Amino acid sequence: MIRQSWWKILAVVILVYTILAGMLIPLKPGIAEVTPRALQAGTEVELTVTGYNSYYSKAKNELRAWLKLKGDVVLKAARIEVLNDRTMKLHFILPQYLPSDSKDDACSLILDSPIDGAIVLPEGIALTQDSVNLLEGKKLWSVDKMEELNAGPKLTFPYRSVLYESIRNQYFHVPLWFAMIFLFLFSVNFSIRYLRTYDPDADQRTLALNRAGFVFGLLGTVTGAIWAKYTWGAFWSWDVKQNMTAVALLIYSAYFILRGAFQDEEKKARLSAVYNIFAFAALIPLLFVIPRMTDSLHPGNGGNPAFGGEDLDNTMRMVFYPAGIGWTLLGFWVASVAYRVEKLQQRLLDA
């Protein structure tokens, strides 16, 4: 019994690990907000910094901050005032000239803490100067150096200002789609087998795999819509990836309608097998080709990268790849249950 069900046990273990690790591992500390975002050279400015998962109070006397321009050009904060764990004020005395040949430039804000580690807000602050003096600007900005930065907590997920905690949906939304694709792929295999052998068992397995794949596709769409609500502002933005997903699911829903349109079992199985092969052939360009040919909000399409270093770091990979395996195994488990139910119904009808 255990030998036959080892993969089901593995699926449960992996999914329990995925849920616990995916929900309990904290996000890396980050910078949620900085005001003001536009600074004038030759003035003394005060930046109010709002942190995320930060512990400013615990490292009050060891905090450091810099404004960083291109290269190694930095300006250290003259004074740091900690209000609480999530809020602090940075005081900078900006030189009259910038080390830039333009009146407008952008700089990054770098915070360093022995508890939170080094945190960067890349090019998030605009700098302006009334006149350009490149040589004088380089002299004024070359007096400060960034010493060795702290590493911070190791076991964390990356902080993204747009995603925040919703980045954890990566372990549900994406693996559900992986599982769907594998289920549909195996269903094509059984459709081809049926067309070669006309074995009714192959048709029943195709139906079970497509039922499970369709359910996982719906779950992937729902989790994606929830994610879109928190990142794009609406459950459905008519993004090309969302539209192509809807078309793909409609194509597979037609598979079930087609099966219900025929009473003759052999004709039903033969036509649905042919349709299933063409449905999978349409699925690939709908999900992976067409979205890449136009602009898209969805990562991995329209020039928008997916699985980058900030979206999927080494810690996330420790959870993401097992999640893909776990959800896929669960999908095949669901398909096997659907297959057995279909077989039992057929036996009852024959009896």
Side-chain angles (χ1 to χ4, degrees), residues 12-35 47-66 80-90 108-122 124 146 148-176 178 220 222-233 299-300 305-327:
V12 173
V13 171
I14 291 177
L15 290 177
V16 169
Y17 161 76
T18 296
I19 294 171
L20 291 178
M23 302 305 294
L24 296 180
I25 293 177
L27 263 64
K28 182 180 179 181
I31 300 174
E33 185 57 52
V34 175
T35 54
L47 297 181
T48 301
V49 179
T50 303
Y52 189 88
N53 280 357
S54 56
Y55 296 94
Y56 298 149
S57 298
K58 294 181 180 180
K60 184 175 182 179
N61 299 322
E62 300 178 83
L63 288 171
R64 298 179 296 172
W66 297 271
I80 298 177
E81 180 184 354
V82 176
L83 303 182
N84 51 57
D85 274 342
R86 299 292 184 264
T87 311
M88 65 176 168
K89 294 183 181 294
L90 305 178
S108 303
L109 175 63
I110 299 178
L111 305 178
D112 185 60
S113 164
I115 297 177
D116 298 334
I119 304 171
V120 181
L121 179 67
M146 277 197 303
E148 186 175 348
L149 301 178
N150 290 287
K154 293 183 178 179
L155 192 62
T156 57
F157 294 145
Y159 165 81
R160 292 298 303 270
S161 59
V162 175
L163 298 179
Y164 296 105
E165 297 292 340
S166 72
I167 198 172
R168 303 178 191 276
N169 198 18
Q170 192 95 286
Y171 312 127
F172 302 95
H173 172 61
V174 182
L176 284 169
F178 285 168
V222 171
T223 53
I226 295 172
W227 206 356
K229 174 64 176 178
Y230 284 95
T231 55
W232 302 344
F307 303 140
E310 290 298 319
D311 290 320
L312 194 66
D313 66 355
N314 289 333
T315 304
M316 291 196 72
R317 289 186 179 94
M318 293 169 54
V319 183
F320 177 75
Y321 293 130
I325 297 172
W327 287 111

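The figures here come from the full heavy-atom set of this structure, side chains too, leaving out hydrogens, waters and symmetry mates. Please read these numbers as outputs of a predicted model, since none were measured by experiment.
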Any non-hydrogen side-chain atom of [X] less than 4.5 Å from a side-chain atom of [Y]?
X: Leu111; Y: Leu63; answer: no
X: Leu109; Y: Leu90; answer: yes
X: Phe320; Y: Pro175; answer: yes
X: Leu163; Y: Thr231; answer: yes
X: Leu83; Y: Met88; answer: no
X: Thr315; Y: Lys154; answer: no
X: Trp327; Y: Leu15; answer: yes

Can you tell me how far [atom2] of [Y] sits from [atom1] of [X], rounded to the nearest 0.5 angstrom?
X: Met23; Y: Glu165; atom1: CE; atom2: CD; result: 8.0 Å
X: Thr156; Y: Met316; atom1: OG1; atom2: CE; result: 10.5 Å
X: Ile31; Y: Ile110; atom1: CD1; atom2: CD1; result: 9.0 Å
X: Arg168; Y: Ile19; atom1: CZ; atom2: CD1; result: 13.5 Å
X: Leu47; Y: Glu33; atom1: CG; atom2: CD; result: 11.0 Å

Parallel, tilted or perpendicular: which one describes the rings of [X] and [Y], with boundaries at 30° and 60°?
X: Trp227; Y: His173; result: perpendicular
X: Tyr159; Y: Tyr52; result: tilted
X: Tyr171; Y: Phe157; result: tilted

Give the minimum heavy-atom separation between [X] and [Y], together with the two atoms involved.
X: Ile115; Y: Pro153; result: O-CD, 3.3 Å
X: Ala65; Y: Ile80; result: N-CD1, 4.0 Å
X: Val120; Y: Ser108; result: CG1-CB, 4.4 Å
X: Leu155; Y: Pro26; result: O-CD, 3.9 Å

Answer yes or no: is there a donor N or O on one side and an acceptor on the other, between the side chain of Asp85 and the main chain of Ser57, under 3.5 Å?
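Checking the backbone N and O of Ser57 against the side chain of Asp85, a donor-acceptor pair under 3.5 Å is found.
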According to the salt bridge (Lys or Arg N to Asp or Glu O under 4.0 Å) rule, which pairs have a member within residues 110-121, sequence neighbours left out?
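Sorted pair list: Arg64-Asp112.
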Taking only residues two or more places apart in sequence or in another chain, which ones pass ring-ring contact (aromatic ring centres under 6.0 Å, His included) with Phe172?
none
Are more than 12 heavy atoms from other residues, nucleotides or ligands located less than 6.0 Å from atom CE of Met318?
no
